[in-house]
Participant: 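Before I ask anything, let me first share the structure, which is written out below as structure tokens.
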Number of protein chains: 2
Amino acid sequence: MPAAEPAPTGVRARARIEVRAAILAAAAKRVAGDGAADLSLRAVARDVGMVSSAVYRYFDSRDALLTALIIEAYDSLGDFVEEQVESTRGRPAAERWVDAALAVRRWALEHPNDYALIYGTPIPGYAAPDDTVASGTRASRALIGIVRETDRLDPIVSHHIEPVLAESFVALRKELGLDVDDATTLAVITAWSQLFGLLTFELFGQTRNFVSDDEALFRAAATSMAASIGLPMT
Amino acid sequence: MPAAEPAPTGVRARARIEVRAAILAAAAKRVAGDGAADLSLRAVARDVGMVSSAVYRYFDSRDALLTALIIEAYDSLGDFVEEQVESTRGRPAAERWVDAALAVRRWALEHPNDYALIYGTPIPGYAAPDDTVASGTRASRALIGIVRETDRLDPIVSHHIEPVLAESFVALRKELGLDVDDATTLAVITAWSQLFGLLTFELFGQTRNFVSDDEALFRAAATSMAASIGLPMT
DNA sequence: GTCTATAACGAGATAGAC
DNA sequence: GTCTATCTCGTTATAGAC
């Protein structure tokens with residue numbers, strides 16, 4: 001699990017990695033079908049052709065298996081968004097934001113079960129350990145990177161912000177390496193929640209009764225997010 | 001389920017209603033503990049002290065029971081928000097919006113399992129019938145009612161909106177009895193998705209690593225939503 | 001040392017006979 | 001309706017194979 005070592009090349013190690021991947025793949029398939037709450041170590045073991053106790057050589061517990069699945073999903077999304085953000089470096093910030101948002105959406109549509117796993121209802125009886133945090137923030141950090149790399153933001157309307165909130169913003173900006181004012185910080189957070197809120201609505205079926213073209217709506221929303229943050233269009 | 005009749009007053013009918021309520025309460029408790037995916041008619045029956053076959057006299061299937069639970073949750077939220085919106089009639093629209101948004105949040109915090117049931121990951125193998133739509137849109141309609149009852153909206157920045165999207169907005173506005181332009185329509189939709197997006201993040205644990213005061217953040221976000229829609233502050 | 005299989009536990013749900 | 005046998009679950013102890 002640490003993966004800290006430089007990955008030994010022996011046959012033993014190779015086999016281990018492959019079996020681990022096979023277990024994860026089978027578990028992902030199970031989650032896709034029955035939902036994460038029902039994930040059973042035994043069923044996964046059966047699918048891979050091993051005995052349940054053997055799985056414990058690879059994962060300490062059912063929760064550890066779930067955690068690995070969650071981290072894998074976060075990293076898949078993180079890879080995808082980071083790559084997208086990087087590939088648009090130099091382009092106007094507003095465009096970059098919209099493209100990155102669309103990338104998040106594309107990933108979510110291609111991996112609906114992974115999306116549900118990480119952004120859906122928490123699994124009863126499962127508490128995510130801190131291991132997930134690093135991977136879990138990659139997509140958000142990539143999006144915020146666009147703001148960070150923008151020299152001069154357009155002016156935006158600023159609202160009054162409570163002192164408690166302003167204080168927490170200071171810590172947050174430090175964490176993210178952001179150098180913007182409180183209004184922009186709030187705009188970034190609301191844009192972020194809007195992006196995933198809209199996506200959650202779409203994927204979980206909340207929009208299907210009145211939205212005919214989800215992508216068009218999402219693109220329009222992303223554009224308005226970029227403007228609300230003050231990302232320049234040129 | 002229909003509840004269309006004027007509720008007969010006989011003893012028989014009373015008993016039936018009470019048993020129904022007892023079953024629903026037990027089912028809700030189960031959902032709260034194990035998650036909706038695991039809901040088993042038998043378990044619910046046992047909790048209420050009857051045999052599984054008897055439950056079928058009250059609910060046609062497990063899915064019908066789930067549907068009843070979902071409708072109940074939607075109506076609980078709908079009642080709460082509608083009452084809140086009504087009680088602030090006459091006050092400045094921006095204030096009304098913020099108060100209504102806070103009402104949604106309060107309800108969600110008090111009924112986290114109901115919230116997860118209706119806005120969380122879809123239950124594997126369960127398809128919501130159209131019966132849920134009427135109740136499911138009540139909260140949104142109540143929020144939008146604030147916009148509808150506002151005589152003169154403040155001007156907002158307008159973005160370009162794709163023709164496909166503009167066309168779907170026409171139908172949506174007609175459905176909602178709204179008389180606003182495309183930019184405001186988009187602003188309402190993005191505000192709506194932002195509201196529930198932020199709430200979903202909070203309830204599902206996505207904010208707990210960097211937000212210290214969720215209510216303050218939510219209030220600030222709601223205020224900026226009201227402004228983005230152009231709801232006047234006075 | 002590393003892995004897998006057998007067997008078993010206690011808990012919980014389920015199915016069927018009565 | 002009840003009781004009972006049977007199943008699955010997560011997890012561990014143990015013993016043998018590479």
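All heavy atoms count here, side chains included; hydrogens, waters and symmetry mates do not. From a predicted model like this one, the values you see are computed outputs, not experimental measurements.
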Participant: For A:Glu149, look at atom CD and say whether over 12 heavy atoms of other residues, nucleotides or ligands are found less than 6.0 Å away.
Facilitator: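 Atom CD in A:Glu149 is packed in, count exceeds 12.
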Participant: When you look at A:Arg20 and A:Leu24, which way does the side-chain contact (heavy atoms from CB on, under 4.5 Å) test go after all the steps?
Facilitator: CA-CA 6 Å; A:Arg20 231 190 94 96; A:Leu24 278 177; 4.2 Å; yes
Participant: Is the shortest side-chain N/O distance from A:Tyr58 to OP1 or OP2 of C:dT4 below 4.0 Å?
Facilitator: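 Yes, such a contact exists.
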Participant: For residues A:Trp192 and B:Phe210, establish whether the separation of their ring centroids is below 6.0 Å.
Facilitator: yes
Participant: How many Å lie between CZ on B:Arg30 and P on C:dT14, as a whole number?
Facilitator: 9 Å
Participant: Atom CD1 of A:Ile17 to atom C1' of C:dC3: distance rounded to whole Å?
Facilitator: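 It works out to 16 Å between those atoms.
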Participant: Roughly, in whole Å, what's the span from CG in A:Leu39 to C1' in D:dT11?
Facilitator: 15 Å
Participant: Please determine if B:Arg141 and B:Glu175 form a salt bridge, counting it only when a charged side-chain N lies under 4.0 Å from a carboxylate O.
Facilitator: yes
Participant: For C:dC3, take OP1 and OP2 only and decide whether either is under 4.0 Å from a side-chain N or O of A:Arg16.
Facilitator: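 Yes, because at least one side-chain N or O of A:Arg16 sits under 4.0 Å from OP1 or OP2 of C:dC3.
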Participant: What do you reckon, is CZ of B:Arg57 surrounded by more than 12 foreign heavy atoms closer than 6.0 Å?
Facilitator: no
Participant: With a 4.0 Å cut-off on heavy atoms, is A:Arg62 in touch with a base, just the backbone sugar-phosphate, or nothing at all?
Facilitator: sugar-phosphate
Participant: Measure CG/A:Asp34 against C1'/D:dT8 and give the value in whole Å, please.
Facilitator: 14 Å
Participant: Heavy-atom count check: over 12 atoms from other residues, nucleotides or ligands less than 6.0 Å from B:Glu110 CD?
Facilitator: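 Yes - once you tally the heavy atoms of other residues, nucleotides and ligands closer than 6.0 Å, there are more than 12.
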Participant: Could you give the CG-to-P distance, from A:Asp38 to D:dG10, as a whole number of Å?
Facilitator: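 A:Asp38 atom CG is separated from D:dG10 atom P by 10 Å.
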Participant: Take a 6.0 Å sphere around CD of A:Glu167 and say whether it holds more than 12 heavy atoms from other residues, nucleotides or ligands.
Facilitator: no
Participant: Where do N or O atoms of nucleotides 5-9 of chain C meet protein N or O atoms at under 3.5 Å, pair by pair?
Facilitator:
residue: C:dA5; atom: OP2; partner: A:Val51; partner atom: N; Å: 3.3
residue: C:dA5; atom: N7; partner: A:Ser53; partner atom: OG; Å: 3.3
residue: C:dT6; atom: O4; partner: A:Ser53; partner atom: OG; Å: 2.8

Participant: Atom CZ of A:Arg46 to atom C1' of D:dC7: distance rounded to whole Å?
Facilitator: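 Nearest whole value for this atom pair: 11 Å.
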Participant: Would you kindly compare A:Ala43 and A:Arg57 by the position of their nearest DNA chain D nucleotide and give the one closer to the 5′ end?
Facilitator: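 Its nearest nucleotide being more 5', the pick is A:Ala43.
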Participant: How close or far is atom P of C:dA15 from atom CG of B:Leu41, stated in whole angstroms?
Facilitator: 12 Å
Participant: Using OP1 and OP2 only, check whether a side-chain N or O of A:Tyr56 sits under 4.0 Å from D:dT11.
Facilitator: yes
